Structures are given as structure tokens and as C-alpha cells.
Protein chains: 2
Amino acid sequence: MAVSKKDEFTSEEVWLADVAKSLSHPARIKILKMLTEMNSCMVGSLVDKLPLAQATVSQHLKELKRVGLIEGEIDGPKVCYCVNNKELAKAKSALDKLFNKIGCC
Amino acid sequence: MAVSKKDEFTSEEVWLADVAKSLSHPARIKILKMLTEMNSCMVGSLVDKLPLAQATVSQHLKELKRVGLIEGEIDGPKVCYCVNNKELAKAKSALDKLFNKIGCC
DNA sequence: TAAATTCATCGTATATTTACGATGAACGAT
DNA sequence: ATCGTTCATCGTAAATATACGATGAATTTA
């Protein structure tokens with residue numbers, strides 16, 4: 001974008017937009033589901049089940065980690081990713097609040 | 001992106017990601033709130049209260065309209081925008097479903 | 001009809017996102 | 001110590017997103 005104007009909005013709006021951004025790619029939505037469903041959560045397992053290269057999956061994981069929706073724990077040469085229930089609940093609650101606020105035009 | 005891989009995901013995942021994308025900018029979140037709060041919903045009124053140029057606001061409205069979260073009704077030389085409660089409810093429900101599905105790692 | 005208002009769209013510049021192969025770091029196994 | 005595995009990061013290419021001024025279409029008003 002030319003120059004970001006995000007400073008001009010409330011931090012709540014910026015944060016919620018950021019959470020939404022982290023959910024704005026089908027691969028990341030699928031990853032969140034997979035981390036819940038799979039017993040194993042090694043990156044390799046995710047790569048096997050996604051139509052994306054390892055580097056790309058790693059990038060998506062980084063984005064989810066950036067906003068705190070997942071956490072990674074190093075386990076030898078592997079990394080075990082896990083959803084962050086606390087942050088997830090916070091996001092759910094904020095989205096609920098937004099959707100309850102809007103929609104009575 | 002190089003070449004989109006979105007075809008490789010379910011249409012539900014793609015749609016939900018698309019809804020999230022439409023919420024992924026603070027201006028669009030603010031617009032949804034404003035359309036709910038304001039009695040008037042003319043584009044000019046939105047532009048007055050946003051730190052963005054008219055052309056930019058129009059682009060954000062287009063994005064919200066694209067996914068169906070708002071609708072615009074022509075009223076003379078003006079356009080009255082309005083949240084689409086039906087689509088909003090659908091989005092809320094789908095996000096609820098997602099958040100209930102994930103998060104028990 | 002002419003002028004003013006309202007808004008979408010075009011053109012454009014810059015930033016960010018998405019995707020991949022290649023490389024490198026960390027670790028376990030041999 | 002060397003090798004293979006696992007994953008993050010770098011570099012890069014192409015697509016999208018964000019922002020704005022300028023322009024144009026539609027409509028109302030003078």
C-alpha cells in the first residue's frame with residue numbers, strides 16, 4: 001500500500017483486523033483444523049496434507065504464530081505446533097462482540 | 001502470489017477465508033460499525049469520519065460488497081450503504097463453527 | 001441548459017502476500 | 001565425525017492490496 005493509515009484506528013480495530021488477516025487464507029484455516037484433529041502436529045505432517053511446499057507452509061505457520069493463534073515447541077530436530085487456546089478464545093470473543101455490535105441497519 | 005492454490009481447498013474454507021479477508025483491514029471493521037451506528041449511511045458521511053480519501057473508502061466498500069457483507073442502494077446522486085444482516089449472520093455462524101471446531105490440542 | 005454534488009472507476013505508485021527452490025542451522029543416528 | 005532428517009529463513013518472482021488524484025457518469029439544483 002502507499003502509506004499505511006492503520007495508526008488512525010483504535011488498537012482494538014487494528015488487532016481484530018490482524019486476527020482476521022491471519023484467518024484470511026484457506027491454508028491457515030485448514031492448518032488450524034489440522035492441528036486440532038491430528039495427534040501429531042509436526043510440520044512435515046502438515047506439509048504432507050497440504051498442496052503447498054514446505055517453505056510456504058512454514059510461512060503460514062509463522063503468520064499464525066505472529067498473531068498468537070498457535071505456538072511451536074521444539075522437539076529435537078522437529079517442531080510441534082499447537083493451537084493457543086487462550087488467544088483463540090480471545091479472538092472468538094472479540095469477533096463475537098463485533099458481530100453482535102453490527103447488523104441492525 | 002506466484003500461482004494461487006486456492007482451488008486445492010474446500011469451498012467452505014475458501015469462502016470463510018474470503019470473509020476473514022474482508023474483515024482484515026481496520027477501516028472495513030470501522031465501516032461496518034459506522035453503518036450500524038449512523039442513521040445516515042451515505043458514502044460522504046463515511047469519508048468525513050475516516051482518515052482516508054474518498055476513492056479509498058469506495059474501494060473498501062467495494063470489498064465489503066464483494067463478499068456480501070454490505071449492500072448499496074442508489075438514492076439520487078447518493079448511495080446508501082447498509083449491512084446485509086443475512087450474510088452477516090451466515091459469516092458469524094461459520095466463524096462460530098470454526099472456533100468451536102478448533103482449539104483442543 | 002449550466003453548475004454543483006455524489007460517488008465509482010481508472011491509472012498509478014508502493015507495500016504486502018503468496019509461492020517456491022536453495023541454503024543453513026539444529027539435532028539424532030550411524 | 002559424518003550423514004540424514006527436520007524445519008526456518010533467504011532470495012526472488014508474481015499477484016494482490018492499499019492509497020491517492022483525476023476523471024467521468026448520474027442526478028439534483030439553480
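No experiment lies behind these values; they were computed from the predicted model shown. Lettering follows sequence order; numbering is per chain, from 1.
- Counting atom types as modelled, A/Gln59 pairs no side-chain N or O with a base atom of D/dA8 as donor and acceptor under 3.5 Å.
- Using a cutoff of 4.0 Å between basic side-chain nitrogens and carboxylate oxygens, B/Glu37 and A/Lys101 are not scored as salt-bridged.
- The side chain of A/Thr56 has C/dA19 as its nearest neighbour among C/dC7, C/dA19, C/dT9.
- Side-chain proximity of A/Gln54 to C/dA8, D/dG21, D/dC7: nearest is D/dC7.
- Put simply, CD1 on B/Ile74 is 9 Å from C1' on D/dA26, counting in whole angstrom units.
- The side chain of B/His60 lies closest to D/dA19, out of D/dA22, D/dA19, C/dC7.
- Among the nucleotides D/dT9, D/dA8, D/dC20, the one closest to the side chain of A/Val43 is D/dA8.
- At the heavy-atom level, A/Glu63 lies nowhere under 4.0 Å from the strands shown.
- Side chain of B/Arg28 to main chain of B/Ser22: a donor-acceptor pair is present (N/O by atom type, distance under 3.5 Å, no hydrogens or angles).
- To the nearest angstrom, C1' of C/dT16 lies 8 Å from NZ of A/Lys21.
- Where A/Pro77 and B/Ser58 meet DNA chain C, the nucleotide closest to each residue was compared, and B/Ser58 sits on the side nearer the 5' end.
- Among C/dT6, C/dT18, C/dG21, the nucleotide with an atom closest to any side-chain atom of B/Lys78 is C/dT6.
- Between A/Met42 and A/Val79, the closest side-chain pair of non-hydrogen atoms is not below 4.5 Å.
- Taking the side chain as every heavy atom from C-beta outward, A/Ile102 and B/Ile29 never approach each other to under 4.5 Å.
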